[in-house]
Amino acid sequence: MAEPGARESVLSTEALSRRFGGLAAVDRVSIECRMGEVHAVIGPNGAGKTTLINLLSGDLAPSGGRVFLRDREITGLRPDQISRLGVGRSYQKTNVFLPFTAFENARLAAQSRLPTSMRFLRSARTYREVNEAAERALAQAGLRGREGVPVAALSHGEQRQVEIAMTLATGPSLLLLDEPLAGMGAEESARIVELLRKLVTDHAILLVEHDMDAVFAVASVLTVMVNGTVLASGTPAAIRGNAEVQQAYLGAEEPH
Amino acid sequence: MELDTFLIQVLNGVQYGLLLFLVASGLTLVFGIMGIINLAHGSFYMIGAYLAWSLSQHLGSLALAILAGVVLTVLIGMALEWLLINKLYHRDHLYQVLLTYGLILVFEELRGVIWGNDVHGVAIPEWLGASIRLTDTLAYPVYRLWISAVCLVLAVLMYLLIQRTRLGMMIRAGAANREMVQSLGINIQLVYRVIFALGVALAAFAGMIAAPVSSVFPGMGNQVLIICFVVVVIGGIGSIKGAMAGAILIGLVDTFGKVVEVDIGGFRVLPELAGTTIYLLMAVVLLWRPEGIFGKRL
Amino acid sequence: MASRGVRLAVLGALAVALVALPFVADKFYVQLATKVLILAIFVMSLDLLVGYTGLASLGHAAFYGFAGYLLALITPQYEAASLWTSLPIALAGSALLALVIGTMVLRTSGIYFIMATLAFGEMLFHVFHDTSIAGGSDGIYIYVRPVATIFGWLPFDFEKFTHFYFVVLVATLGVYAVLRNILDSPFGRVIVGIRVNEQRMRSLGYHTFRYKLACFVLAGTLAGLAGYLAAVQFGVVNPDMLGFHLSASGLMMLILGGMGTLVGPVIGAAAMMVLELVFQGISEHWLLLMGGFIVLVVLVLPHGLIGIVSRRGAREDPHG
């Protein structure tokens, strides 16, 4: 179990593709994400990273290829079905419930793990396990003490933290994080990097991120995407030493 | 059904469909480009019909009445956009629905005040009054063919306007990206005003040319509005092609629904239920392609 | 926001007034109040769809009218139907109709939803208006109101307008309490979440269609309750009960009162009824005034009457 090679494969894709008109936004991408591992997907803007996440989470339907969650094929399932199979995703553009408090955002996320929400009688506030999961997720994301604040009144960085808290509150085993650090201050970023380090012990994490310091700090596998295709994939050291990657992305210019 | 009656019904259905297209295309353009849902759109159809009736009596000619009516309704459309509709661009559809519903009440009541609540007929102009003999017993009125021809010409003009002209380019750009168009220095406010007025005039014009065949009656506006909603739901919103396909389909289904008696296992389906056939068609389309036949799949 | 004490005092005074009304007011006013309360149930049910779930329906009267028609159709010509059988049948009928229509219209959203709901409402209108199954455009009279006899005992008598008033009052308060409770339940939180950000609800694992459909059926059933009571009150049903104008008026009452609150619909229904009487007193062309008023409300009062008192706007959002 401690051997990296023996780690359980949680997510894998086979030649996953998505075309918009004539453009192949994601072109025959095959990747794998294992339990206990942060798999970072990097690449210039427009490389197809967010589209890839959308294909994995079910927000977009693939035009070709297959997606497996453990042994189960999930290609073409709806987002809610994929979420219920233990896949949590966060969005690049903060996608939360602005009028609600931070707590209600996380609570709604946690409530989704009830077998059904077709419950009309008891007050939602009385579901203790839901409340606890929400509080735990908020604390993990560094929002202790901010639970009662409407999200619209939170700072941009804090809203990003709510985004992550919601993803965690659904109790996923696989995390699809789309630029979780975008728009965060240095302190918040450091906290989230620390959180990822902790989470990875019992999660599989697919991370799309532009912050290279963070990526090299947490990732054990890196995939470089360019123009919808995989340019290279391997350990951080291998990717750093890859001349093609240097030329296409890493050395050329900072993405920010 | 005999072949010649069948053909006549096809002609009737197509003519009715083309007329619906004129009304529905205005509705769908105003929504597709300006993002406005206008419940009062049907009222302009009614206003057009009443204008055709009253103006043709004063002016002595339907053609003159139509000309004056079109000018008048364009002005009404521009005034409305200037006074009210432009306040709705950034509002929720719900408020657009309510404001334009308020307009329906105003127009219905004004119609009662100005023209009364009677049903009227409008005479077909003499030069179009003839009928074409199809067989010994059947004839088809030239006026109905003329309606179809006029609608077709307008449809082609609309297509050319949108695809080939500078205004059309602005319309297409405005639909795609309001901010970009404004940054190019194009007066989007004016473009919107013109489009809204065109939509109003199209609906009114349809009411005017329909008046001699459908008669003029209170409530005709809401009737056509709801049928046009069905057309738009079936065809897909914002699409002229969709409006055309939906309108012809509804025209045919509605026409045949009223003349065909269906026998199901000995039970004759009530011809009274003919009014519901178009809704059943809509239900089928919603189950099959909820975004409409020509709508963009979400 | 008014302080809690003031609110309680206002509510207390209102409760006393509502209970005392039949003892101090004329039959006309008691019946008017009954009508307002029935409409309030209808508008509250509409609010569940529009104000809370964000589904702008323009065909909600279909369920109201359908329940009324069911009562008229199962009432024998010169005898009374039993409340205890006719009401459940009417409610079940509205629920079933909402299930069928909801399954289709909820496949659309936004402006399509508005148009599709309007069109299906109109289809019902045609079914009852064009055919002879239920008296065509004249509708059907209900000569004898339903009786509430249980095992020979008659707890209240619908032929007495005061009794009927109290039954409607209890029904209104009951619907209010039920909705208040539901909105605080996990289901209620889900539908409000759907209004705010449906796509995110989906990615959190909610099959939103199911919740919207459940909400549509619930709202349709409650509208059916209102329609049943209206049929009892007026003793007649006709196609206008199903039509576009009632659906639109319902929306107007909702906006006028303040949507996304449960008190707003009651205020809106009362205000519209009073306005209608006032306008009718001013001119025979009162619809002109009503139309102008509606336009004005949209332009200057988007949060409704309740928005004037409550600063946080018309829509309530849950706080953890």
Side-chain angles (χ1 to χ4, degrees), chain B residues 27 31 35-37 39-40 83-84 87-88 91-110 112-113 222-223 225-233 236-238 270-280 282-287 289-292 295 298, chain C residues 50-51 54-58 100-101 103-127 129-133 136 243-245 247-249 251-252 254-256 259 283-299 302:
Chain B
L27 193 71
F31 178 77
I36 294 277
I37 172 168
L39 292 196
L83 275 173
L84 297 173
K87 313 249 185 322
L88 292 175
R91 301 287 295 275
D92 196 276
H93 292 321
L94 185 58
Y95 294 99
Q96 303 175 352
V97 162
L98 270 180
L99 190 142
T100 53
Y101 174 69
L103 289 180
I104 288 184
L105 296 185
V106 169
F107 288 140
E108 274 296 328
E109 204 59 32
L110 276 179
V113 172
N222 290 341
Q223 200 180 13
L225 171 79
I226 290 158
I227 295 174
C228 282
F229 276 7
V230 177
V231 165
V232 171
V233 169
I237 201 158
L270 298 168
E272 298 166 325
L273 276 172
T276 59
T277 47
I278 59 166
Y279 301 102
L280 294 177
M282 178 178 75
V284 171
V285 170
L286 281 178
L287 290 173
R289 258 186 89 93
E291 66 282 353
L298 299 173
Chain C
V50 183
L55 297 167
S57 169
L58 202 45
V100 173
I101 293 184
T103 305
M104 284 177 281
V105 295
L106 288 168
R107 298 165 66 82
T108 68
S109 62
I111 187 172
Y112 277 97
F113 183 79
I114 294 174
M115 295 193 292
T117 47
L118 173 61
F120 277 112
E122 215 50 26
M123 172 171 155
L124 258 278
F125 178 88
H126 277 290
V127 168
H129 184 274
D130 300 351
T131 69
S132 50
I133 28 180
F244 160 51
H245 283 288
S247 294
S249 299
L251 278 179
M252 182 56 209
L254 184 56
I255 300 291
L256 181 60
M259 65 175 168
S283 160
E284 60 169 316
H285 300 297
W286 64 278
L287 277 173
L288 206 59
L289 298 172
M290 186 57 92
F293 176 75
I294 291 175
V295 169
L296 209 65
V297 167
V298 173
L299 292 181

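Throughout, protein chains are lettered first and strands after them, A, B, ... in sequence-line order, and every chain is numbered starting at 1. Worth knowing before you read on, the calculation uses all heavy atoms, side chains too, and leaves out hydrogens, waters and symmetry mates.
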Between [X] and [Y], is any pair of side-chain heavy atoms under 4.5 Å apart?
X      : Y      : answer
C:F125 : B:I226 : no
B:E108 : C:L287 : no
B:M282 : C:F120 : yes
C:I294 : B:V106 : no
C:M115 : B:I37  : yes
B:I227 : C:E122 : no

Query - C:A119 backbone acceptor or donor facing B:Y279 side chain under 3.5 Å - result: no

Query - B:R91 side-chain N/O to C:V298 backbone N/O, donor-acceptor pair under 3.5 Å - result: yes

Residue, of [options], that accumulates the most heavy atom pairs under 4.5 Å with chain B:
options                : answer
C:A248, C:A116, C:A56  : C:A248
C:L289, C:T108, C:I111 : C:I111
C:L299, C:L288, C:I114 : C:L288

Query raised in the report: What is the distance from atom CE of C:M123 to atom CG of B:L280, rounded to the nearest 0.5 Å?
Result: 4.5 Å

Query raised in the report: Roughly how far, to the nearest 0.5 Å, is CZ of B:R289 from CZ of C:R107?
Result: 11.5 Å

For [X], is it the side chain, the backbone, both or neither that has a heavy atom under 4.5 Å from a heavy atom of chain C?
X      : answer
B:F31  : side chain
B:Y101 : side chain
B:L88  : side chain

**Report entry** Test side-chain contact (heavy atoms from CB on, under 4.5 Å) applied to C:L58 and B:L98, B:V97, B:L94, the passing residue
**Finding:** B:V97

Query - Top contributor to chain C interface from B:L287, B:L225, B:V230 [non-hydrogen pairs under 4.5 Å] - result: B:L287

Query raised in the report: By a 4.5 Å heavy-atom criterion (distance strictly below it), what part of C:H129 contacts chain B: side chain, backbone, both, or neither?
Result: neither

Query raised in the report: Does the pair B:L286 and C:Y112 meet the rule for a side chain to side chain contact (heavy atoms under 4.5 Å, CB included), with working shown?
Result: CA-CA 10 Å; B:L286 281 178; C:Y112 277 97; 5.8 Å; no

Report task. Take C:H285 and B:L110 through the test side chain to side chain contact (heavy atoms under 4.5 Å, CB included) and record every step on the way to the result. Result -> CA-CA 8 Å; C:H285 300 297; B:L110 276 179; over 6 Å; no

